[in-house]
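Residue numbers start from 1 in every chain, and the chains themselves are labelled A, B, ... in the order their sequence lines are given, proteins ahead of strands. Given the structure is predicted, the values throughout are model-derived calculations rather than measurements.
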Number of protein chains: 2
Amino acid sequence: MPKKIEPVPPPATKGERTRAAIVDAALKLFHKHGYDGTTMREIANAAGVSLGNAYYYFESKEHLIQAFYERTHLEHLVACERVLAREKKLEGRLRGVLLAKIDTAEPYHRISGILFKTAADPKSPLNPFSPASEPVRREATDLMRRVVEESSNKIPTDLREKLPELLWLYEMSVILFWIHDESKGRARTRKLIERTVEMLAKLVMVAGLPLMKPLRSSALSLVDELKHDALPPGG
Amino acid sequence: MPKKIEPVPPPATKGERTRAAIVDAALKLFHKHGYDGTTMREIANAAGVSLGNAYYYFESKEHLIQAFYERTHLEHLVACERVLAREKKLEGRLRGVLLAKIDTAEPYHRISGILFKTAADPKSPLNPFSPASEPVRREATDLMRRVVEESSNKIPTDLREKLPELLWLYEMSVILFWIHDESKGRARTRKLIERTVEMLAKLVMVAGLPLMKPLRSSALSLVDELKHDALPPGG
DNA sequence: GTCTATAACCGGATAGAC
DNA sequence: GTCTATCCGGTTATAGAC
């Protein structure tokens, strides 16, 4: 189950090589001894650089996490291409994207706990709701937009517009669950995905019924309002 | 907006007094300089004990947070009594309980970020899903059980049974939102509560319709299954 | 100006004496 | 139960090499 962690391919300038060496060393050590069980001194050592040098490239130990995050996101995107090419209905697309997420992230399950720990701190730039995370958030919702927009389902347009963001929130919840999931093969998370995706698909269909219109509108307008005054003009 | 933090009343044995002094000092300092801005040495100092002694009473700095958590929970319970005596319908009861939560927690808003930070760590005993948190979780769901069971609404019995746990999850989400809310008077959280409570009430009513039966059942059985194999026999 | 290294500093945590 | 002394590791200051 724990796949190997592959060193990333092409170094370029000297600096880039050093940087990559540090990330590789860090990921390997994190994998072996966990985040707290790995010291910056060990990472520097394994990468063949001095402690101070490691800090030249990475502001802090936590910033090494961001590097790991970028890697998994890329791997996820790649894995999603096949899924999105294959699946045409919302349910299949969503299920595939989520399963791809937990599969590509599997080698990093241990580390991910720490990621979420720091990510949950409102002050941390790694926090997914922070302005600093805008690019990452954008990429993730863009993926969900593809899940929705190219799907063949009939979805009320007002809902269709907001769905990518709502699905991103849903994805975050699934990940949170996954982090706490110690079951064999992440069976519990798989079950959660299977069943909630099914329910969401049903829900989206039901949401189109005339009866549901008021509930749907108030839900969607709430999302709008909250998003609108989330960040004052400049943030 | 930032109310005073009251020292807790009655000391008893010497140990209890020392313990209380440490908690009081910690809460005051956290409030003034934030969690990271406060050192254990300062806390010990302010409490008039040595550093080592502080660690005799509290395993770690994080464990001081649990003390704070217990305090706010008690204050919340007290505030809820009036609400539950007054409100008879689900919507009013739920709204009142949530507003009481963010009002009583207001003086601790700054610290709460850290609470959630550690809470998101699967390894932390402070994590609300951990076995160690069972008592706290129990108390919180019990409160929600009162919200539901003594409410005058008609609710399908299968849903009524699971609702307390679901509402607890909902409460956690609201708190997560609140932690990130820097708006004046926590206006955004208030809006979120107002609108989602309204929607939930509608949803609970709609859930009783024959049309919704399959969706409702699959949702409820999922909750059951996931809860069931959450903890293997001994955990 | 880009990169690297050494030597501190600081604060959370622990050991062990009283 | 309380203290003092110490460890350990993240982080910073700073000096210098390429």
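- Side-chain atoms of B/H109 do not come within 3.5 Å of backbone N or O of B/A105 as any donor-acceptor pair.
- The only member of B/Y108, B/F68, B/Y35 that meets ring-ring contact (aromatic ring centres under 6.0 Å, His included) when paired with B/F30 is B/Y35.
- Looking at heavy atoms from C-beta onward, B/I22 lies in side-chain contact with B/L64 at the 4.5 angstrom threshold.
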(message) Please encode protein proximity along nucleotides 8-15 of chain D as a string of B, S and -, counting only heavy-atom distances under 4.0 Å.
(response) -BBBB---
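- Geometrically, A/R19 does not engage A/Y56 in a cation-pi contact defined by less than 6.0 Å to the ring centre and at most 45° from the axis.
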Only distances under 3.5 Å count here; give the side-chain donor-acceptor pairs of residues 46-55 of chain B to other protein atoms, sequence neighbours excluded, each with its distance to 0.1 Å.
unit_1: B/S50; atom_1: OG; unit_2: B/N53; atom_2: N; d: 3.1

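- With salt bridges taken as basic N to acidic carboxylate O contacts below 4.0 Å, none links A/E87 and A/R95.
- From the 5' end on, the contacts that DNA chain C makes with chain A at under 4.0 Å to a non-hydrogen atom open and close at C/dT2 to C/dA8.
- Taking both residues in full, the closest heavy atoms of B/L143 and B/V97 are given as CD2-CG1, 4.1 Å, listed atom of the first, atom of the second, then distance.
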